[in-house]
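All remarks here apply to the structure that follows.
Along the sequence shown, the residues carry numbers beginning at 1. Everything numeric in this text was worked out from a predicted model, so none of it was measured.
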Amino acid sequence: MTKRKLILLIVTGVLFVIALLQSILGNLSPVKTIKLDTEPDKITITSSSNSYELTKKNGTWYVGTDNFEAKKTEVNQMIKAVQEIKVLEKVGSASNEMLEERFDLLDAKAIVVTATKQDKELRTIKIGKSTSTGSQSYVTLDNKKEVYLISGNLSNIFNKTRDSLRSEYIYEVSSKDITSINVSKNANTWALERTNKPNQDSEWKGSGTAENLVLDNAKVDAWVNQIATLKVSKWLEDDVNVPSNKEVQVQFTINGQVTDIAIYKEGIGDNAKYICVCNRTPHKAELSKITATKFIKDVNELKKSE
């Protein structure tokens, strides 16, 4: 082996060792996880264009001050983001205005998130810009000056309007828990009562105009499953007048508690609008035609085929 080849082999070996050590040391770079053991019962979100609260009452999260339930998925994302922060590195101090501007941590662009429990502050996060990959964020924590690079795109999680966080559902229940249903449409009134015991196949008995019908239990089950969820097309302002034409009123019972849904129709044909008033919310809502027609049911559609 020539001297030249020997030197090349030695240099290659040294470079390989250096690269290996850098890889090992890089993988050992610590990621500091800051956890909260306590789940907040209030989250306040403030930016130059938004300011609102998410509040937990009796196990349910509400957005704003007017009793709109919040979307569960989005709230759970926010809670997780507040409770667990993975710090990748410290990048500087927010006392440096140039650094604040560079990372969008000035008040004009930042989002401030404050989590509290029984009015006691648990954590404050000031969220700046995300990295070019969209997988990390620049933040300050608990009103301190240090700027950190953390894992996750917090801007995507918290940069939401109050209206966008309103739940699209008036209710979501299990159809198997519904024990009776009453339907009134014009002069036609009928009712269904579940007669089977728990863990048995469904059996339904009719009354009113459904009394003498031989019901198809599978058809009834399918319909009950449809009305066990009520999704709105959009929420309406509280001062919107309800049309005079009540299309249908449906009441169902779960554990003695009655849910009352009244659907009003305004207009005809493709221009018709369906307005819903329900005792599960203080707010009026507009329904799509598809959703409304699930409740506007002809009982004859539920009888066994001859």
Sub-4.5 Å side-chain heavy-atom contact between Leu213 and Trp190 | no
Does Leu88 reach the side chain of Val31, with side-chain heavy atoms less than 4.5 Å apart?
-> yes
Name each donor-acceptor pair under 3.5 Å that joins a side chain in residues 238-247 to protein atoms two or more places apart or in another chain, with its distance.
residue	atom	partner	partner atom	Å
Asp238	OD1	His283	ND1	3.1
Lys246	NZ	Gln249	OE1	2.9

Locate the shortest heavy-atom distance separating Lys219 from Leu302; write the atom from each residue and the value.
-> O-CD2, 3.8 Å
Show me the donor-acceptor pairs within less than 3.5 Å that the side chains of residues 55-72 make with the rest of the protein, sequence neighbours left out.
residue	atom	partner	partner atom	Å
Lys56	NZ	Glu39	OE2	3.2
Lys71	NZ	Ser164	O	3.0

Val173 side chain near Arg280 side chain, heavy-atom distance below 4.5 Å = yes
Check whether any side-chain heavy atom of Val87 sits under 4.5 Å from a side-chain heavy atom of Glu146, and report yes or no.
-> no
Qualifying residue, where the test is side-chain contact (heavy atoms from CB on, under 4.5 Å) with Glu203 and the options are Thr195, Val220, Leu215 | Thr195
Looking at side-chain heavy atoms only, is the closest gap between Lys160 and Tyr52 below 4.5 Å?
-> yes
Interatomic distance, OG1@Thr291 vs OH@Tyr274, rounded to 0.5 Å, equals 11.0 Å
Evaluate the criterion side chain to side chain contact (heavy atoms under 4.5 Å, CB included) for residue pair Asp221 and Ser175; output intermediate values, then yes/no.
-> CA-CA 8 Å; Asp221 279 346; Ser175 61; over 6 Å; no
Is there a donor-acceptor contact under 3.5 Å from the side chain of Arg194 to the main chain of Ile178?
-> yes
Which of Leu154, Leu36, Leu141, Thr33 passes side-chain contact (heavy atoms from CB on, under 4.5 Å) with Ile85? Answer is Leu141
Any link between Leu192 and Ile296 through a network of hydrophobic side chains (Ile, Leu, Val, Met, Phe, Trp, Tyr) touching at under 4.5 Å?
-> yes
Without hydrogens or angle criteria, can the side chains of Ser155 and Ser130 be said to hold a donor-acceptor pair below 3.5 Å?
-> no
Is there a donor-acceptor pair closer than 3.5 Å between any side-chain N or O of Ser288 and the backbone N or O of Ser233?
-> no
Looking only at heavy atoms, which two atoms of Ala292 and Ile263 are closest? And how far apart?
-> O-CD1, 4.1 Å
Verdict with supporting geometry, Met78 and Leu165, side chain to side chain contact (heavy atoms under 4.5 Å, CB included) = CA-CA 11 Å; Met78 291 179 176; Leu165 286 172; 3.9 Å; yes
Roughly how far, to the nearest 0.5 Å, is CZ of Phe103 from CG of Leu149?
-> 8.0 Å
Answer yes or no: are there more than 12 heavy-atom neighbours, outside Lys265 itself, under 6.0 Å from its atom NZ?
-> yes
Using atom types as modelled and distance alone, determine if a side-chain donor or acceptor of Asn217 lies under 3.5 Å from a backbone N or O of Trp204.
-> yes
In short, ring pair (Phe, Tyr, Trp, His ring centres under 6.0 Å) pairs touching residues 152-172 with sequence neighbours left out are Tyr171-Phe252
Nearest heavy-atom contact between Pro40 and Gln83 is CD-CG, 4.4 Å
For Val299, does its backbone N or O pair with a side-chain atom of Trp223 as donor and acceptor, under 3.5 Å?
-> no
Please list all pairs passing the side chain to side chain donor-acceptor pair (under 3.5 Å) test where one or both residues lie in residues 101-112, with sequence neighbours left out.
-> Asp107-Lys126
Between Trp235 and Ala285, the two heavy atoms sitting closest are CE3-CB, 3.9 Å
Hey, does Asp177 have a side-chain heavy atom less than 4.5 Å from the side chain of Asn255?
-> no
Approximate separation, where rounding is to 0.5 Å, of Asn159 CG and Ile127 CD1 | 8.5 Å
Quick one: side chain to side chain contact (heavy atoms under 4.5 Å, CB included) partners of Glu301, sequence neighbours excluded?
-> Lys297, Asp298
Value for CZ (Arg162) from CD (Glu53), rounded to nearest 0.5 Å, stands at 11.5 Å
Is the NZ atom of Lys205 crowded by more than 12 outside heavy atoms at less than 6.0 Å?
-> no
Tightest non-hydrogen contact, residues Lys231 and Leu287, listed as O-CD2, 3.7 Å
Taking it one step at a time, do Ile227 and Ile181 satisfy side chain to side chain contact (heavy atoms under 4.5 Å, CB included)?
-> CA-CA 10 Å; Ile227 67 170; Ile181 306 171; 4.1 Å; yes
Would you say Thr259 and Cys278 make side-chain contact, with heavy atoms under 4.5 Å?
-> yes
Applying side chain to side chain contact (heavy atoms under 4.5 Å, CB included), run through Val232 and Ile170 and close with a yes or a no.
-> CA-CA 7 Å; Val232 309; Ile170 293 178; 3.5 Å; yes
How many angstroms lie between CD1 in Ile45 and CD1 in Ile157, if you round to the nearest 0.5 Å?
-> 10.5 Å
Flag side-chain contact, heavy atom, 4.5 Å: Gln251 against Thr253 = no
Give a yes or no on whether the backbone of Gly152 and the side-chain of Ser137 come within a donor-acceptor separation of less than 3.5 Å.
-> yes
Verify same cluster id: Ile125, Tyr138 (apolar side-chain graph, 4.5 Å) = no
Enumerate donor-acceptor pairs with a distance under 3.5 Å from any side-chain N or O in residues 111-122 to protein atoms, sequence neighbours excluded.
residue	atom	partner	partner atom	Å
Glu121	OE2	Thr124	OG1	2.8

Quick one: CG on Asp142 to CD1 on Ile34, what's the gap to the nearest 0.5 Å?
-> 8.0 Å
